[in-house]
Amino acid sequence: MRILVVEDEVGLAESLRRGLSADGHWIDLAHDGHRGLELARTGGPYDAVVLDLMLPGLSGYEICRRMRAHGDPTPVVILTAKDGEYDEAEGLDSGADDYLTKPFSFVVLAARLRAVTRRAAGPAQPSVLQAGDLTLDPRGRRCRRGPHEIELTARELGVLACLMGQPGRAVAKQDILDEVWDGPHGIDPNIVEVYVSSLRRKIDAPFGRRSILTVHGTGYRMAPDGG
């Protein structure tokens, strides 16, 4: 893979470069937000971006927002020393696909990068999933509510595809975790709630709909008519 690493701690950035290069990847480095955004826009295309949050110039949040605003779907894995749930939610709302708190395991980072790029490539799925006027093209990474285009991160897309692929059926949080997060160990299934909340803000709230319904004690189900 070709990977962009944006990290202002030079020692950590070099360690990531060496480790990922040893795995056979091509790595570009940036040590501040402005350079990171410049490379993200002009240095690629990249298969993934590893992005620190607290950067000189532009924050990782802002870099991710601007990438998504320009229609760049490249998977983003955030690295940060912040570990609060609101920080994680803000990173996901900015368009990130995954989130690792420092200190982190390099083995886990490498696995997360493989996972987000697999999801971005798209598994074998129906070409288009539909629930009422809500449509999702998993391979094209496009979501629409009627005529309105909706920007989703790779993981939001995965959660929505999991629910839309089983319309009207209750899907357990653990089943969503196993499918979208590739069955990781040690991840709280409640992380699914973060992504469902984000999806509701994007696909339901602006349109006055309730398409993703909570099934208490189980998980969630997609209203077949799209709410």
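For the single chain, residues carry numbers from 1 onward in sequence order. The analysis underlying the following values was restricted to heavy atoms, covering all of them including side chains, and did not include hydrogens, waters or symmetry mates.
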Peer 1: Please round to the nearest 0.5 Å and tell me the distance separating atom CZ of Arg209 and atom CG of Asp225.
Peer 2: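 The CZ atom of Arg209 sits 8.5 Å away from the CG atom of Asp225.
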Peer 1: Can you find a pair of side-chain heavy atoms, one from Leu134 and one from Cys143, that are under 4.5 Å apart?
Peer 2: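 Side chain of Leu134 against side chain of Cys143, heavy atoms only: contact under 4.5 Å found.
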Peer 1: Looking only at atom types and distance, does a side-chain atom of Ser21 sit under 3.5 Å from a main-chain N or O of Arg17, one as donor and one as acceptor?
Peer 2: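 Here the side-chain-to-backbone pair exists.
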Peer 1: Assess whether a salt bridge exists between Lys102 and Glu9, defined as any Lys/Arg side-chain N lying under 4.0 Å from an Asp/Glu carboxylate O.
Peer 2: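 Counted as a salt bridge, because a side-chain N and a carboxylate O are separated by less than 4.0 Å.
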Peer 1: Grab the two heavy atoms, one from Leu29 and one from Ala13, that are nearest each other, plus how far apart they are.
Peer 2: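 In terms of heavy atoms, the two residues are closest at CD2-O, 3.8 Å.
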Peer 1: Taking only residues two or more places apart in sequence, or in another chain, which ones meet Arg41 in a salt bridge (Lys or Arg N to Asp or Glu O under 4.0 Å)?
Peer 2: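 If we apply the salt bridge (Lys or Arg N to Asp or Glu O under 4.0 Å) test to Arg41, skipping adjacent residues, there are no hits.
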Peer 1: In Å and rounded to the nearest 0.5 Å, what is the CG to SG distance from Leu157 to Cys162?
Peer 2: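 Separation between the atoms: 11.5 Å.
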Peer 1: For Leu4 and Gly36, work out which heavy atoms get closest and say how close.
Peer 2: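 Heavy atoms of Leu4 and Gly36 come nearest at CD2-O, 3.7 Å.
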Peer 1: Search all heavy atoms of Gly43 against all heavy atoms of Asp28 and return the closest pair with its distance.
Peer 2: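 Looking at all heavy atoms of both residues, the shortest contact is O-OD2, 4.3 Å.
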Peer 1: Do Pro45 and Thr74 have side-chain heavy atoms sitting under 4.5 Å apart?
Peer 2: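 When only atoms from C-beta onward are counted, Thr74 and Pro45 do not touch, as no gap falls below 4.5 Å.
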Peer 1: Are Ser59 and Leu53 close enough that some pair of their side-chain heavy atoms sits under 4.5 Å apart?
Peer 2: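 Of all side-chain heavy-atom pairs linking Leu53 with Ser59, none is under 4.5 Å.
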Peer 1: Might you point out which heavy atoms bring Leu113 and Leu20 nearest each other, and give the distance in Å?
Peer 2: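 Scanning both residues, the minimum pair turns out to be CD1-CD2, 3.8 Å.
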Peer 1: Roughly how far, to the nearest 0.5 Å, is the CD1 atom of Ile63 from the CG atom of Leu39?
Peer 2: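 Here the interatomic distance stands at 10.0 Å.
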Peer 1: Using the salt bridge (charged side-chain N to carboxylate O under 4.0 Å, His left out) rule, take Asp72 and Arg66 through it: C-alpha gap first, then chi angles, then the decisive distance, then the call.
Peer 2: CA-CA 9 Å; Asp72 186 346; Arg66 294 192 189 187; over 6 Å; no
Peer 1: Quick one: CD on Glu151 to CZ on Arg65, what's the gap to the nearest 0.5 Å?
Peer 2: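 Interatomic distance, Glu151 CD to Arg65 CZ, rounded to 0.5 Å: 15.0 Å.
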Peer 1: Do any N or O atoms from the side chain of Arg68 and from the backbone of Gly95 form a donor-acceptor pair under 3.5 angstrom?
Peer 2: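 Answer holds: yes.
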Peer 1: Got a donor-acceptor contact below 3.5 angstrom from the His25 side chain to the Arg2 backbone?
Peer 2: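 Pair absent, no side-chain N/O of His25 close to backbone of Arg2.
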Peer 1: Are Ile27 and Val108 joined in one hydrophobic group, where the rule is that I, L, V, M, F, W and Y side chains link up if heavy atoms are under 4.5 Å apart?
Peer 2: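 Yes, one cluster joins them.
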Peer 1: Would you indicate whether the side-chain heavy atoms of Val171 and Arg221 approach each other to under 4.5 Å?
Peer 2: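 No, their side chains stay 4.5 Å or more apart.
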Peer 1: Give a yes or no on whether the backbone of Leu163 and the side-chain of Gln166 come within a donor-acceptor separation of less than 3.5 Å.
Peer 2: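 Side chain of Gln166 to backbone of Leu163, a donor-acceptor pair under 3.5 Å: no, none is there.
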Peer 1: Kindly compute the distance separating CG (Asp32) from CG (Leu58), expressed to the nearest 0.5 Å.
Peer 2: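 Rounded to the nearest 0.5 Å, the CG-CG separation comes to 8.5 Å.
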Peer 1: So do the side chains of Ile176 and Tyr195 get within less than 4.5 Å of each other, counting heavy atoms only?
Peer 2: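 The answer is no; the side chains never approach within 4.5 Å.
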Peer 1: Quick check: is Ile203 connected to Val215 through a chain of hydrophobic side chains (ILVMFWY, heavy atoms under 4.5 Å apart)?
Peer 2: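 Val215 and Ile203: separate clusters.
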Peer 1: Report yes or no: does Arg142 contribute a side-chain atom to a donor-acceptor pair with the main-chain N or O of Leu136 at less than 3.5 Å?
Peer 2: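 Side chain of Arg142 to backbone of Leu136, a donor-acceptor pair under 3.5 Å: no, none is there.
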Peer 1: Of all the heavy-atom pairs spanning Leu55 and Asp8, show the shortest one and how long it is.
Peer 2: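 Taking every non-hydrogen atom into account, CD2-N, 3.7 Å.
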Peer 1: With the side chain counted from C-beta on, respond yes when Val50 and Val6 share a heavy-atom pair under 4.5 Å apart, and no when they do not.
Peer 2: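 Sidechains of Val6 and Val50: no contact.
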Peer 1: Given the rule that I, L, V, M, F, W and Y join up when any side-chain heavy atoms are under 4.5 Å apart, are Leu16 and Trp26 in one cluster?
Peer 2: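 Each belongs to a different hydrophobic cluster.
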Peer 1: Is any side-chain N of the basic residue among Asp97 and Arg155 closer than 4.0 Å to the acidic one's carboxylate O?
Peer 2: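 Result for this pair is no, no salt bridge flagged.
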Peer 1: Can you measure from OG (Ser198) to NZ (Lys202) and round to the nearest 0.5 angstrom?
Peer 2: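 Answer for the OG-NZ pair, Ser198 versus Lys202, is 4.5 Å.
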Peer 1: Restricting to side-chain contact (heavy atoms from CB on, under 4.5 Å), what partner residues turn up for Glu38, sequence neighbours left out?
Peer 2: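 In terms of side-chain contact (heavy atoms from CB on, under 4.5 Å), with neighbours along the sequence ignored, Glu38 is linked to Arg35, Thr42.
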Peer 1: Is the closest basic N to carboxylate O distance between Arg145 and Asp204 below 4.0 Å?
Peer 2: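 Yes, Arg145 and Asp204 are salt-bridged.
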Peer 1: Run the salt-bridge test on Glu193 and Lys173 with the 4.0 Å N-O cut-off and return the result as yes or no.
Peer 2: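 A salt bridge links Glu193 with Lys173.
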Peer 1: Taking all non-hydrogen atoms of both residues into account, name the closest pair between Pro147 and Arg144 and its distance.
Peer 2: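 Looking at all heavy atoms of both residues, the shortest contact is O-NH2, 2.6 Å.
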Peer 1: Which pairs, with at least one residue in residues 203-224 and sequence neighbours excluded, count as a ring-ring contact (aromatic ring centres under 6.0 Å, His included)?
Peer 2: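 Qualifying pairs: His148-Phe207.
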Peer 1: Any side-chain donor paired with an acceptor under 3.5 Å for Arg200 and Thr214?
Peer 2: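 Distance-only check passes for Arg200 and Thr214.
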Peer 1: Ignoring hydrogens and geometry, is there a side-chain-to-backbone donor-acceptor pair from Asp137 to Val128 under 3.5 Å?
Peer 2: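 No, because the side chain of Asp137 does not come within donor-acceptor range (under 3.5 Å) of the backbone of Val128.
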Peer 1: Look only at the side chain of Arg141 and the backbone of Pro73, and say whether a donor-acceptor pair between them is shorter than 3.5 Å.
Peer 2: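 Looks like yes, one N/O pair under 3.5 Å.
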Peer 1: I'd like to know if Val196 and Leu213 are part of one continuous hydrophobic network [Ile/Leu/Val/Met/Phe/Trp/Tyr, side-chain heavy atoms within less than 4.5 Å].
Peer 2: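 Each belongs to a different hydrophobic cluster.
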Peer 1: Is any side-chain heavy atom of Leu79 closer than 4.5 Å to a side-chain heavy atom of Phe104?
Peer 2: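 Touching, per the 4.5 Å side-chain cut-off.
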Peer 1: Do Val49 and Met67 have side-chain heavy atoms sitting under 4.5 Å apart?
Peer 2: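 They are in contact (side-chain heavy atoms under 4.5 Å apart), so the answer is yes.
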Peer 1: Do Thr135 and Gln130 meet the criterion of a side-chain donor-acceptor pair at a distance under 3.5 Å?
Peer 2: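 No - no donor-acceptor pair under 3.5 Å links their side chains.
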Peer 1: Please evaluate residues Leu152 and Leu199 with respect to the criterion side chain to side chain contact (heavy atoms under 4.5 Å, CB included), reporting the C-alpha separation (whole Å), side-chain torsions for both, the decisive distance (0.1 Å), and the verdict.
Peer 2: CA-CA 8 Å; Leu152 298 180; Leu199 282 169; 3.8 Å; yes
